[in-house]
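Below: one structure, written as structure tokens.
Numbered from 1 within each chain, the chains take letters A, B, ... in sequence-line order. Note that these values count all heavy atoms, side chains included, but never hydrogens, waters or copies made by symmetry.
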Amino acid sequence: MSNHFTRRSLLKLIGFAATGSLVPASLKSFVEQASAADGDALYDLPLQGNCRVMHTTDIHAQLRPVFYREPNVNLGVGEAEGKLPHLVGRSLLEKTQIPVDSPESYAFTNLDFEANAKRYGRTGGLANLKTLMDQLRAQAGGIENTLTMDGGDLWQGSATALWTRGVDMVDASNILGVQLMTGHWEFTYHQEELLKNLSRFKGEFLSQNVRVKEDSLFEDAYFELVEAYGGLGLYDEDIGYAFKPFTTKVIGGRKLAVIGQAFPRTANANPQGFIPDWSFGIREEEMIELIEQIRQDESPDAIILLSHNGMDVDLKLASRVDGIDAIFGGHTHDGIPVPVEVKTPNGGTCLVTNAGTNGKFVGVMDMDIGEGGVRGMQYHLLPIFDDLLEADSEMDAFINNIRQTIYEDSVVESRAENHRVSAIRMGKTYGEILDEKLARSDRTLFRRGNFMGTWDQLICDALKHEYQAQVTLSPGFRWGTSVLKGEWITMEDVMTQTACTYGETYVQDMTGEALMTILESVADNLFDPDPYFQSGGDMVRVGGMDYTIDPSKPLLSRITDAKLDSGEVIDPAKTYRVAGWAVVGDAPDGRLIWDIARDYLLDQRDGEDVIRIQKMNHPTLVGVKTNPGVADYEGKLI
Amino acid sequence: MTEMKNTFSRRTFNKTVAVVGAGAALGVTPIVSQAAWPEAAFDAETIEGVLQSLYGVAEAIPSDAINVKGPDIAENGAVVPVSIKADIPNADSVALLVAKNPAPLASSFDLANPGMVSVGTRIKMGETSELIALVRAEGKVYTATSKEVKVTIGGCGG
């Protein structure tokens with residue numbers, strides 16, 4: 001343990017910082033904030049009530065501890081403006097009463113990220129998480145009083161997850177003791193690989209909203225597929241459930257029903273080619289009917305939703321659906337320290353949570369469940385500070401073992417046959433490949449935020465260099481970790497930004513009009529004021545071109561003033577050379593993005609091994625100067 | 001882990017139907033049949049034009065008894081699943097229109113046995129649009145409009 005930061009010093013800091021904080025009256029009965037008045041309480045949580053639900057989400061296969069910078073741009077539009085989760089920096093701290101310059105402000109915001117990262121160290125890592133989970137289980141009086149759930153995006157996001165097609169993460173999930181799960185990026189392996197992974201997974205995979213397409217139910221091929229996996233993939237042929245929609249568990253002597261909700265836009269946001277037989281969607285009406293059925297058939301004492309909807313969708317859903325006591329949400333990677341209380345149509349309350357990303361947090365909901373109803377709930381979103389937790393030896397050994405695996409000819413790292421397996425990696429161990437030092441960073445590198453991040457700019461620069469492109473497009477994924485200024489960028493870092501099953505690249509001539517239509521459409525997927533019409537991650541990153549965006553405007557009118565780095569205004573009728581990656585349609589045949597990035601870093605670093613970003617393509621933002629979802633923006637605000 | 005509940009699957013149903021179809025002339029009356037191709041209606045470029053050429057009326061009567069539904073967001077604009085249900089006695093014809101398609105009429109069905117309307121079909125949508133259902137019963141034409149179905153670019157999800 002690199003002990004610049006000890007448990008003792010942390011407790012002092014928390015104890016000091018928390019002095020004088022007040023829990024808002026409206027939340028008092030339900031919520032005990034993470035900034036507990038008693039500093040000793042960080043990881044020392046005796047069970048309050050009779051049922052402890054532990055929730056992780058969007059870990060994106062980060063087995064080892066990481067640096068992860070929270071966003072400084074996370075805009076809410078329409079009714080979401082200025083509300084959780086669309087608060088960043090000091091606005092988030094004020095709203096949730098977390099002191100500035102505390103370990104928690106490091107965990108939950110981007111404030112003083114570099115200095116705090118050095119002070120408080122890395123976060124996450126499944127060996128540390130396992131230690132904490134075991135501790136939380138013991139504090140609850142044993143696993144009969146706890147439920148461990150993961151909200152998905154657990155089995156993708158690293159090189160080793162890609163090279164093992166998710167299998168390393170299935171095994172890690174089993175060691176962690178994940179009992180229930182739903183998914184999103186799990187569906188970016190081929191559907192047969194997902195079924196294989198699910199048959200290896202010791203927990204239950206839940207989703208009420210993944211349905212087998214009608215056409216597939218008329219074909220023998222689908223039945224043969226599911227029969228090969230013992231029926232997995234067809235839970236109920238009449239309704240079309242691909243997976244079990246809900247389960248019940250007796251926890252702390254009370255019956256808890258848990259419904260699963262996979263990412264509703266998987267077939268829009270990711271390649272449909274991997275999952276030809278499944279259809280997604282929010283399926284709100286079906287959810288209402290299911291809850292009614294569960295109440296009648298199961299008489300549970302509480303009903304909770306394990307969701308990959310994204311927080312805005314969860315907030316809307318909670319306001320329209322009765323009968324859910326709490327939603328454990330993910331997808332949008334919002335590390336929100338307090339639950340949001342939502343009034344349901346019949347006047348009840350649903351607590352909506354979101355547990356961040358990259359293994360940085362574990363959400364702990366202590367429920368006091370009576371017969372037929374919940375009496376109270378207390379929520380903590382605990383940051384995983386690695387300097388304060390010993391690594392679990394079983395998980396640690398497992399992770400080390402994965403890194404000793406040899407990269408062999410059987411690896412599949414692309415849809416395109418010519419890029420299926422890499423000759424330069426062949427015969428090396430995963431660890432050797434990933435520990436390769438490529439260049440030092442000239443600034444802190446990160447992705448998360450609604451617009452261009454420093455990591456994205458490097459990727460765009462690499463694409464531009466590779467293809468001599470004028471404009472480059474890089475997806476607005478929300479995953480990807482951070483590299484501190486001056487540190488080595490390793491191959492592992494590159495892979496945490498790029499490791500997906502569709503990493504092929506393209507270059508093509510595109511009219512200015514087509515380019516603008518892409519940008520407008522993606523912006524609409526992000527900024528549609530109705531959360532049910534939003535469909536994915538952050539804004540597509542655009543390299544080599546600057547533009548101005550007004551998120552509050554309707555489709556096809558948000559983006560103006562687009563011009564190349566040369567200053568040339570984008571002409572709708574003219575043609576531009578555009579490069580990009582992560583195409584959801586047919587695989588293009590260009591090299592894999594991580595190889596392009598690796599070569600760029602190795603070849604273009606300077607004499608001091610530093611890779612320099614010449615220009616950041618920050619878009620200019622209109623109408624958000626007073627929006628608390630943006631702070632310290634490095635581009636222009638007008 | 002997963003048990004398959006039902007003994008009668010769609011797949012076996014499909015096969016049964018195929019066998020029946022092969023035997024032909026078993027006196028099976030189709031519940032829904034495609035009408036003679038109403039070319040003018042499918043070519044009409046406005047909703048009014050469809051009403052006129054399909055049903056010979058100038059306007060339709062809004063009705064709460066019709067429920068027309070599509071997904072919030074189409075997963076594939078080329079095959080958008082849509083359903084129309086209507087609780088209108090003696091309905092004998094149903095039509096589905098995509099408001100923003102250049103030629104709005106997407107499907108029309110004549111019901112051989114007038115009764116409860118429950119129709120599912122798949123349509124092509126070029127852009128985000130509302131869906132309009134028309135139901136004819138006893139010479140009158142009723143209508144209802146769905147929520148918008150969004151047709152959008154894929155990708156960039158995180």
Side-chain angles (χ1 to χ4, degrees), chain A residues 184-185 198-199 204 213-214 217-220 222-223 226 230-238 243-244 263-272 279-282 285 331 333 473 475-479 517-518 521-522 524-526 528 530 532-533 535-540 555 582-585, chain B residues 1-21 32 67-85 99-100 118-131 146-158:
Chain A
H184 169 202
W185 280 84
L198 291 179
S199 63
E204 288 182 289
K213 287 178 183 170
E214 290 274 336
L217 290 171
F218 281 112
E219 299 291 335
D220 286 338
Y222 190 72
F223 289 83
V226 301
L232 270 173
L234 186 59
Y235 182 73
D236 185 319
E237 191 182 332
D238 289 339
F243 306 102
K244 197 172 176 178
F263 179 49
R265 306 301 171 209
T266 303
N268 296 92
N270 308 92
Q272 287 188 18
S279 173
F280 297 74
I282 295 173
E285 277 178 37
H331 179 62
H333 294 194
L473 301 177
F477 296 147
R478 295 189 174 200
W479 43 272
T517 304
I518 291 175
S521 303
V522 179
D524 197 57
N525 289 343
L526 174 62
D528 194 312
D530 183 342
Y532 279 16
F533 291 112
S535 65
D538 284 313
M539 182 63 186
V540 59
L555 177 66
V583 175
V584 296
Chain B
M1 195 168 170
T2 305
E3 54 197 277
M4 285 196 234
K5 285 201 242 169
N6 49 339
T7 49
F8 179 67
S9 70
R10 264 172 260 223
R11 187 172 43 146
T12 51
F13 175 73
N14 189 29
K15 283 180 176 163
T16 311
V17 171
V19 169
V20 170
V32 173
N67 183 8
V68 52
K69 223 174 84 174
D72 294 328
I73 300 180
E75 291 182 331
N76 178 355
V79 280
V80 183
V82 175
S83 70
I84 304 171
K85 289 184 179 153
K100 285 197 189 155
S118 180
V119 171
T121 185
R122 272 159 306 172
I123 58 167
K124 191 170 182 175
M125 293 181 67
E127 61 176 308
T128 300
S129 175
E130 292 167 332
L131 307 171
S146 76
K147 285 194 308 180
E148 251 184 10
V149 174
K150 185 168 178 172
V151 179
T152 182
I153 192 173
C156 300

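Atoms CG and CD1, from A/D528 and B/I73 in turn, are 7.5 Å apart once rounded to the nearest 0.5 Å. A/D524 contributes atom CG, which lies 11.0 Å from atom CD1 of B/I153 (distance to the nearest 0.5 angstrom). Between the CG atom of A/L555 and the CD atom of B/E127 there is a distance of 9.0 Å, given to the nearest 0.5 Å.
Judged purely by atom type and a 3.5 angstrom limit, B/E75 uses its side chain to pair as donor or acceptor with the backbone of A/F280. Remark: side-chain polar atoms of A/N268 are not paired, donor with acceptor, to backbone N or O of B/T152 under 3.5 angstrom.
A/V584 and B/G154 make their closest contact through CG2-C, 4.0 Å (heavy atoms, listed as atom of the first residue, atom of the second, distance). Smallest separation of non-hydrogen atoms from B/D72 and A/F533: O-CE2, 3.1 Å.
Contact of A/I518 with chain B is made through backbone and side chain together, with heavy-atom distances under 4.5 Å. Neither the backbone nor the side chain of A/D530 comes within contact range of chain B, judged by heavy atoms closer than 4.5 Å. Neither the backbone nor the side chain of A/T266 comes within less than 4.5 Å of any heavy atom of chain B.
A salt bridge is defined here as a Lys NZ or Arg NE, NH1 or NH2 lying under 4.0 Å from an Asp or Glu carboxylate O, and B/K69 with A/E285 meets this definition.
For B/N76, the side chain to side chain contact (heavy atoms under 4.5 Å, CB included) partners are A/Q272, B/A78, B/V79, not counting sequence neighbours.
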